[in-house]
Amino acid sequence: MNYQIVIGLEVHIELSTKSKIFCGCTTEFGGEPNTHVCPVCSGMPGVLPVLNKKVVDFAIRAGLATNCEITRYNKFDRKNYFYPDLPKAYQVSQLYLPICRNGKVEIEVNGEKKFIGIHEIHMEEDAGKLVHDPWDDCTLVDYNRCGVPLLEIVSEPDFRSADEVIAYLTKLRETMMYLGVSDCKMQEGSMRADVNISVMPMGSTKFGTRTEMKNMNSFKAIYKAINYEAQRQIELLEAGGSVVQETRRWDDNKDASFAMRSKEDAHDYRYFPEPDLLPIEISEEWINATVENMPELPEDKRRRYMTEFSLSEYDASVITSERQIAYLFEDATKICGKPKEVCNYIMGELMRLMSETATLAEEVEMSPQKIADIIELVSQGKINRSVAKEVFEAVFRDDVDPAKYVEENNLIMVDDSSLVEEIVEKVIAENPKSIEDLRAGKAKARGFIVGQTMRALKGKANPQTVNEIIDEKLSKIL
Ligand code: ADP
Ligand code: MG
Ligand code: ZN
């Protein structure tokens, strides 16, 4: 029998606010264990939480960008459970009135577009971390992450393949990074997904029983886990068994999932309204102000780059794939007015250097002014394109000043015809074999003459001058 895979995602995103959701402690990643804590976030008795307004701002932004309705009157609830990384023994979350509902996100897989429904987005606090120490055979707890603000973005069970899931996560990540609400560093856990999977006979409309894999933080593992888990469920059903609703753990080293615990239902958590926090009322003005301050989203940028700067769809999507790169492109273009040139340097040189040096977009320190300066040097005929690449690399690596670097390294373009002539004559005289080849119709030999001339001029010559003079000299002897 053929089966249909059904997937729903709960994506957690750590917000990049400076301080935690209910206290003034820093949200910075890492730090010595238990140094980013205070009585509030470590769950001491008698303390009271104070809501960080920025968290609400970010939640509204995220909701608007995913086409959600904003719940004008929303509130927090307590989700009760005990775990050593949760010192209060409850998590402040939103169950009954989450801040965003009924959204949708458009994805594209193999040229086909479809919408994934967003059931809701709610605000909540993160828990701490348990650190297992195999050496001493003990487990330690680090509360630094307790109270870091999270958004949980809950999708409808609308995915039908692992490819759709990856397309959605990629888009969501890009969107949240552009909005500036999260750095979405998956390796640091600031974006992670709970993956719910079920299967049903093809054509059926009744969903099967699902399993859930929690806290997955790599696209590759998610992709593998979906296909593994679907196959496991199908084999189970084919053998006459049934799927148990449970939480499973994906083991990336073994490429398999393992049962962890039976799944709890909402009523197991004894949710009740959080008595220590007031409901949040969101006014029309608040929403309007947020709309006004919304940064341009990648999709809109892409479209604008194609119409305003005549970039191809491919170039536009590469340039906008990271927020920092898009802004670098825009700022450099604003200065020099040559979008296509800026785009070529970014896609050619910058991206090559980034991958060679394993530099992330947010670590790139090139100033848009310096990129514009290099482009200016070329268009003024001060340097040729191969020297420009060298200058670009020096700016990338050592943040040099382009004009000064060109001067100090004596890289100004050689455009002196008599000097070029002299060199060409010398190269021709020293390479009789190439001239013979040319006479025998081997056109390739000309490239060798060009190369030798360029080399003798240390790569700084005006290629046009070199080509013209070589043509002239060769026409006389051939
Ligand atoms: P929780 O996991 O907290 O109990 P829900 O029951 O609301 O929350 O569902 C969580 C996620 O599971 C949602 O993303 C939803 O789309 C997905 N989901 C629900 N039913 C199924 C199903 N039969 N198959 C796959 N995913 C499902
Ligand atoms: Mg869940
Ligand atoms: Zn604190």
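Note that ligands are numbered from 1 as they come in the structure, with each ligand's atoms numbered from 1 the same way. Note that these values count all heavy atoms, side chains included, but never hydrogens, waters or copies made by symmetry.
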Query raised in the report: Between S190 and E14, do the side chains contain an N or O donor and an N or O acceptor separated by less than 3.5 Å?
Result: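 Distance-only check fails for S190 and E14.
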
**Report entry** Option passing salt bridge (Lys or Arg N to Asp or Glu O under 4.0 Å) with K114 (candidates E164, E156, E106)
**Finding:**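 Only one of E164, E156, E106 forms a salt bridge (Lys or Arg N to Asp or Glu O under 4.0 Å) with K114, namely E164.
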
Under 4.0 Å from any heavy atom of [X], which atoms of ligand 1 are there?
X    : value
V6   : 24 (N), 25 (C)
L9   : 14 (O)
P157 : 16 (O), 26 (N), 27 (C)
E156 : 16 (O)

Query - Nitrogen or oxygen atoms of F207 and ligand 1 under 3.5 Å apart - result: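 No; the residue has no nitrogen or oxygen that sits under 3.5 Å from a nitrogen or oxygen of the ligand.
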
**Report entry** I197 N/O under 3.5 Å from ligand 1 N/O
**Finding:**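 No, there is no polar N/O contact under 3.5 Å.
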
Report summary line: Counting only protein N, O or S atoms and ignoring waters, those under 2.8 Å from the Zn ion (ligand 3) are C23 SG, C25 SG, C38 SG, C41 SG

Applying a 4.0 Å heavy-atom criterion (strictly less than), which segment of [X] is in contact with ligand 1: side chain, backbone, both, or neither?
X    : value
T209 : neither
V154 : side chain
H119 : neither

Query raised in the report: Are any of the side-chain nitrogens in K79 or E124 under 4.0 Å away from the carboxylate oxygens of its partner?
Result: no

Query raised in the report: With R160, which residues qualify under salt bridge (Lys or Arg N to Asp or Glu O under 4.0 Å), at least two apart?
Result: none

Query raised in the report: For R323, which residues count as a side chain to side chain contact (heavy atoms under 4.5 Å, CB included) partner, sequence neighbours excluded?
Result: Y178, Y327

Query raised in the report: For N196, which of E229, Q245, E10 qualifies under side-chain hydrogen bond (donor to acceptor under 3.5 Å, both in side chains)?
Result: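 With N196 as partner, E229, Q245, E10 yield a single side-chain hydrogen bond (donor to acceptor under 3.5 Å, both in side chains), made by E10.
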
Requested in this report: Sort and list the pairs that fulfil salt bridge (Lys or Arg N to Asp or Glu O under 4.0 Å) and have at least one residue in residues 336-353, not counting sequence neighbours.
Outcome: D315-K340, K338-E376, E341-R385, E349-R352, R352-E356, R352-E393

**Report entry** With I13, the side chain to side chain contact (heavy atoms under 4.5 Å, CB included) member among R192, R173, M176
**Finding:** M176

Requested in this report: Measure up the Y269 and Y271 rings against each other and bin them: parallel (under 30°), tilted (30 to 60°), perpendicular (over 60°).
Outcome: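 The rings of Y269 and Y271 stand perpendicular, inter-plane angle above 60°.
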
Requested in this report: Show your reasoning for whether salt bridge (Lys or Arg N to Asp or Glu O under 4.0 Å) applies to R78 and E274.
Outcome: CA-CA 5 Å; R78 273 189 196 180; E274 168 59 60; 2.8 Å; yes

Query raised in the report: Out of S198, A193, G208, S155, whose heavy atom is nearest to atom 16 (O) of ligand 1?
Result: S155

Query raised in the report: Among K206, K79, R210, whose heavy atom sits nearest atom 5 (P) of ligand 1?
Result: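 Considering heavy atoms of K206, K79, R210, the nearest to atom 5 (P) of ligand 1 sits in R210.
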
Query raised in the report: Checking salt bridge (Lys or Arg N to Asp or Glu O under 4.0 Å) for the pair E174/K301: CA distance, chi angles, key distance, verdict?
Result: CA-CA 12 Å; E174 195 181 78; K301 272 199 193 303; over 6 Å; no

